[in-house]
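Just below is one structure, and these are the notes that go with it.
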Amino acid sequence: MKITAHLAFTAALTTGALLASALTAAAWGDAAMGSQIARYEGIAPDAPRSIEEVPLDPRTRATVAGIDVSGHQGEVNWQEHWNLGRRFVYVKATEGTGFKNPRFGQQYTGSRQIGMIRGAYHFALPNRSSGAAQANYFVDNGGDWAKDGMTLPGALDIEHNPYGDTCYGLSQDAMARWIKNFSDTYRARTSRYPTIYTSANWWAKCTGGREDFSATNPLWIARYAAAIGALPHRWGIHTIWQYSSKPIDQNAFNGAYSRLRALAAG
């Protein structure tokens, strides 16, 4: 009886471990831009809820509404977003070196067909492989740039780790080198530096300002509050502000539509 009970208990533990492993594996690739910002940094009650509530930067005095999407949004009704005045979008293409957004084709092509300026983004997993490996995977699976006036440079989504240690177990020096490796590889492949999506809090904690990307990489800042606040190390101005995650990730381009077209044109 004791042996039987022990075997049953061992089998249950094994089954539970396998199930937990399967659930963890199934979660890989499930990370969406900003999901960890909201989780770790919260949403302020006074955060803008629409483009009309976004305060204008006095240096540009103009803004353009946009969104970002991932596989979570499924088949996107692009006409609806166009009718709401949204004129640009970033679409998740890849994560790490083992996940491709299964909805990427419809989302990336559909947004272009409706008239939106579009770009692709990569969710970084710096503890899984090198920056170069992930940049190449990104470019090879939707993250390339085209000189067509309607394609934004690819974006590197670097934020809190959804699967473990917030800085992916890397030191600040190692993280900064990883980001530079990704950025340099992407530029070598496409002739453009990638936009960097992050939050000021994560950047300070996990890179410590060990590298200066402000002269080369456009900044896409994530903060769900009434104002952007301090920017990450050395950036003096932001290019895009992700100001809300509800009911969908909402973004404001910091400038007029002509400047958005110029960013796409390179």
Side-chain angles (χ1 to χ4, degrees), residues 32-39 41-70 72-92 103 106-108 110-121 149-157 159 194-201 217-232 235-265:
M33 179 174 278
S35 60
Q36 305 311 303
I37 305 298
R39 176 184 175 190
E41 301 185 23
I43 301 173
D46 58 352
R49 292 166 294 180
S50 67
I51 195 71
E52 289 77 20
E53 296 181 8
V54 173
L56 294 180
D57 188 320
R59 292 165 292 187
T60 58
R61 299 188 180 279
T63 192
V64 182
I67 58 173
D68 58 84
V69 299
S70 67
H72 290 282
Q73 278 69 49
E75 300 287 310
V76 177
N77 183 342
W78 291 112
Q79 186 65 60
E80 176 185 354
H81 291 292
W82 183 264
N83 293 345
L84 289 170
R86 292 160 179 166
R87 295 295 180 262
F88 75 96
V89 62
Y90 266 100
V91 179
K92 180 177 180 178
R103 304 288 187 175
Q106 187 273 341
Q107 294 174 345
Y108 196 69
S111 57
R112 174 66 180 87
Q113 289 174 340
I114 204 66
M116 286 188 179
I117 297 176
R118 51 67 191 286
Y121 80 83
M150 296 297 288
T151 303
L152 294 165
L156 172 65
D157 177 358
E159 58 182 283
T195 297
I196 293 179
Y197 169 95
T198 193
S199 75
N201 289 338
N217 301 74
L219 173 65
W220 184 354
I221 189 71
R223 189 162 190 256
Y224 309 142
I228 292 175
L231 298 178
W235 270 291
I237 191 168
H238 70 283
T239 298
I240 302 172
W241 176 16
Q242 187 188 72
Y243 61 86
S244 178
S245 62
K246 302 199 180 287
I248 193 170
D249 286 353
Q250 298 186 71
N251 301 285
F253 175 79
N254 188 24
Y257 183 76
S258 60
R259 298 310 304 158
L260 179 65
R261 290 293 302 267
L263 178 61

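Bear in mind that the values here come from a model prediction, so they are computed numbers and not experimental data.
With Trp220 as the fixed residue, the ring-ring contact (aromatic ring centres under 6.0 Å, His included) test singles out one of Tyr90, Trp235, Tyr243, Phe253: Tyr90.
Between Ile248 and Arg86 there is a side-chain heavy-atom pair separated by less than 4.5 Å. For the pair Tyr121/Pro194, no side-chain contact is recorded, criterion being any heavy-atom separation below 4.5 Å from C-beta on. Looking only at side-chain heavy atoms (C-beta outward), Arg103 and Val69 stay at 4.5 Å or farther from each other. Considering only heavy atoms from C-beta on, Ile240 stays 4.5 Å or farther from Tyr197 through its side chain.
Side-chain N/O atoms of Asp57 and Trp241 include no donor and acceptor closer than 3.5 Å. Between the side chains of Tyr224 and Glu41, no donor N or O sits under 3.5 Å from an acceptor N or O.
A pairwise comparison of heavy atoms in Pro48 and Ser244 identifies O-CB, 3.6 Å as the closest pair. In this structure, Gly34 and Asp157 approach most closely via the heavy-atom pair N-OD2, 4.4 Å. Between Ile37 and Ala222 the shortest heavy-atom distance is CG1-CB, 4.0 Å. Of all heavy-atom pairs spanning Trp78 and Gln107, the tightest one is CZ2-O, 3.2 Å. For the pair Met116 and Met150, the tightest heavy-atom approach, listed with the atom from each and the gap, is O-CE, 3.5 Å.
Rounding to the nearest 0.5 Å gives a distance of 6.0 Å between CG of Leu231 and CG of Leu219.
Within the structure, salt bridge (Lys or Arg N to Asp or Glu O under 4.0 Å) contacts touching residues 235-262 (residues at least two apart or in different chains) do not occur.
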